[in-house]
Amino acid sequence: MANASEVGGSLFRKPRQTKILRSELKQLLEMLEMQDVSISRFGQEVMRHPSVLKALLRAANSSLTGSAVEITDPAHATLFLGSRRVAFLLNTLPPEIIEEDCPEATP
């Protein structure tokens, strides 16, 4: 039986560290603005970042949103909240979960 590292789909990748690199956060924001990126693809990318996934699902399941059912999928949460709210959420993530990119070494 194949393990997660042998399966080609991103749905089967193990989540990375709990922090998200600033460049990855920027890519998520850019994905929200693109017309040709599906919401399911955005959801797959969010699943790679547990801290972002947690914040997104927490917002979608907040009593302030009025959802009658529990939302457990990041794509569903994005559709429910809308891209503007999700972009606002990403832009206001706490600094302790955002990691600065390492400057590349020059040869």
Give the minimum heavy-atom separation between [X] and [Y], together with the two atoms involved.
| X | Y | answer |
| --- | --- | --- |
| Thr65 | Ala59 | CG2-O, 3.2 Å |
| Ala75 | Ser40 | CB-CA, 4.0 Å |
| Pro74 | Gly43 | CG-O, 3.3 Å |

Would [X] end up clustered with [Y] when hydrophobic side chains under 4.5 Å apart are linked, directly or stepwise?
| X | Y | value |
| --- | --- | --- |
| Phe88 | Ile71 | no |
| Leu29 | Met31 | yes |
| Met34 | Leu28 | yes |

Using links of under 4.5 Å between side-chain heavy atoms of ILVMFWY residues, direct or through other members, which residues join Leu79 in one cluster?
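When side chains under 4.5 Å apart are linked, the cluster holding Leu79 also contains Ile39.
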
Is Leu56 close to Leu81 at the side-chain level, that is, under 4.5 Å between some pair of heavy atoms?
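Side-chain contact under 4.5 Å: yes.
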
Taking C-beta and beyond as the side chain, do Ile97 and Thr18 meet within less than 4.5 Å on heavy atoms?
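Sidechains of Thr18 and Ile97: no contact.
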
Evaluate Leu57 against Asp73 for side-chain contact (heavy atoms from CB on, under 4.5 Å), listing each step before the verdict.
CA-CA 8 Å; Leu57 294 179; Asp73 179 60; over 6 Å; no

Rounded distance (nearest 0.5 Å) linking atom [atom1] of [X] with atom [atom2] of [Y]:
| X | Y | atom1 | atom2 | value |
| --- | --- | --- | --- | --- |
| Ile98 | Arg22 | CD1 | CZ | 5.0 Å |
| Lys26 | Leu21 | NZ | CG | 13.5 Å |
| Leu93 | Ser51 | CG | OG | 7.0 Å |
| Glu45 | His49 | CD | NE2 | 6.0 Å |
| Lys19 | Glu100 | NZ | CD | 10.0 Å |
| Glu99 | Leu25 | CD | CG | 12.5 Å |

Residues forming a side chain to side chain contact (heavy atoms under 4.5 Å, CB included) with Ser83, sequence neighbours excluded:
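By the side chain to side chain contact (heavy atoms under 4.5 Å, CB included) rule, Ser83 matches Leu32.
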
